[in-house]
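Written out below as structure tokens is the structure these notes cover.
Heavy atoms only: backbone and side chains are in, while hydrogens, waters and symmetry mates are out. This chain uses plain numbering: 1 for the first residue, then up along the sequence.
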Amino acid sequence: MGWIDWRTLSPRAVTSLHSSFTSVKELELEWISFTLPEFFRLIDALTALEKITISSGVPFDTPRSTIDTVQISHSRLRQLVFSDPQRGWMVDIFARAIRYTSGITSVSVKTYYNSEELKACGELLATAGKNLRGLKLRVYSASSPGADSIFSQLLALPHNANLEEIHIEPVDESTIVLLLQGLKMHAKPRLSRLKLGLNGAVDLGRWTGADN
């Protein structure tokens, strides 16, 4: 769904959207303009929805600071994709405002390396808890005071004991160390796939034994 300004739709059109797509299982939002209450009503109406992708340009005119409690519950939504790092504040809303009665099983996030965005990612992973099976995280460089400690806590993945697949990029040597420390401290017995997108500064020989 893209290029829609909710404010231009008639009540009849909105009602039609709510009632005509109850079988939709996957939804991608791109360049949609509406308020958060309207957004929650839409998600609530899509009762079969299992996966949502928040793409580029999704302006909401409700400040996220007003969303501190659960607004809706959803029985099937379990896969969350945030494909635009500039929409990182939406991660916070999905972490706090929706109760996932089936549990979040898959999270894919593109975000910037700053304390606010990383904290939101941590809150979402805490919300997902032990239900989470797959995590994909791409972190873009940015300067932010306090981000290092938050990133360290995030990589420990303390709430997600049942992860089966982890994909993180790009990573440097310090990120690898933090991740391995986190896996040692918080074991993931079901983890079967670990994929790391190394940046050019990583000494491959040190980690693969190629120098031996």
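Taking NE2 from H167 and OG from S108, the interatomic distance works out to 9.0 Å, rounded to the nearest 0.5 Å. The line from OG of S174 to CG of L179 is 11.0 Å long, rounded to the nearest 0.5 Å. A distance of 9.0 Å separates CD1 of I54 from CD1 of I93, quoted to the nearest 0.5 Å. Considering NE2 of H74 and CD1 of I52, their distance stands at 8.5 Å, rounded to 0.5 Å. Note that CG of L27 is 11.5 Å distant from NZ of K51, once rounded to the nearest 0.5 Å. A distance of 11.5 Å separates CD of E117 from CZ of F82, quoted to the nearest 0.5 Å.
Listed by chain and number, the residues in a side chain to side chain donor-acceptor pair (under 3.5 Å) with Q153 amount to none (sequence neighbours excluded). With sequence neighbours excluded, no residue satisfies side chain to side chain donor-acceptor pair (under 3.5 Å) with T53. The side-chain contact (heavy atoms from CB on, under 4.5 Å) check on S75 picks up T101, with sequence neighbours excluded.
Heavy-atom minimum distance, F40 versus A97: CZ-CB, 3.5 Å. Considering every non-hydrogen atom in both S83 and K110, the closest pair reads O-CD, 3.4 Å. Here the shortest heavy-atom pairing between R78 and G103 reads CB-O, 3.2 Å. Taking each heavy atom of S141 and Y112 in turn, the nearest pair found is O-CD2, 4.1 Å. F94 and Y100 make their closest contact through O-OH, 2.7 Å (heavy atoms, listed as atom of the first residue, atom of the second, distance).
The side-chain heavy atoms of L155 and I168, taken from C-beta on, include a pair separated by under 4.5 Å. In this structure, the side chains of I176 and L198 come closer than 4.5 Å at one or more pairs of heavy atoms. Looking at L118 and T111, their side chains come closer than 4.5 Å, going by heavy atoms from C-beta outward.
If you chain together hydrophobic residues whose side chains sit under 4.5 Å apart, L178 and I150 fall into the same group. Under a hydrophobic-cluster definition in which Ile, Leu, Val, Met, Phe, Trp and Tyr are linked whenever side-chain heavy atoms come within less than 4.5 Å, directly or via other members, V81 and I104 are assigned to different clusters.
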Practice item. Report the C-alpha separation of V139 and T175 in whole Å, then their side-chain angles, then the decisive distance to 0.1 Å, and conclude whether the side chain to side chain contact (heavy atoms under 4.5 Å, CB included) test is met. Key: CA-CA 11 Å; V139 182; T175 303; over 6 Å; no
Check your understanding: What do the steps show when you test L154 against F151 for side chain to side chain contact (heavy atoms under 4.5 Å, CB included), and what is the final call?
Key -> CA-CA 5 Å; L154 175 66; F151 189 52; 4.1 Å; yes
Tell me which donor-acceptor pairs under 3.5 Å the side chains of residues 183-195 have, and how far apart each pair is, sequence neighbours excluded?
{"unit_1": "K188", "atom_1": "NZ", "unit_2": "L157", "atom_2": "O", "d": "3.0"}
{"unit_1": "K188", "atom_1": "NZ", "unit_2": "H186", "atom_2": "O", "d": "2.7"}
{"unit_1": "S192", "atom_1": "OG", "unit_2": "E164", "atom_2": "O", "d": "3.3"}

Per-pair distances, 0.1 Å, donor-acceptor, side chain in residues 119-137, under 3.5 Å, sequence neighbours excluded:
{"unit_1": "T127", "atom_1": "OG1", "unit_2": "A95", "atom_2": "O", "d": "2.9"}
{"unit_1": "T127", "atom_1": "OG1", "unit_2": "E123", "atom_2": "O", "d": "3.0"}
{"unit_1": "R133", "atom_1": "NH1", "unit_2": "K130", "atom_2": "O", "d": "2.8"}
{"unit_1": "R133", "atom_1": "NH1", "unit_2": "N131", "atom_2": "O", "d": "2.9"}

Please set out all donor-acceptor pairs under 3.5 angstrom arising from side-chain atoms of residues 42-50, sequence neighbours excluded.
none

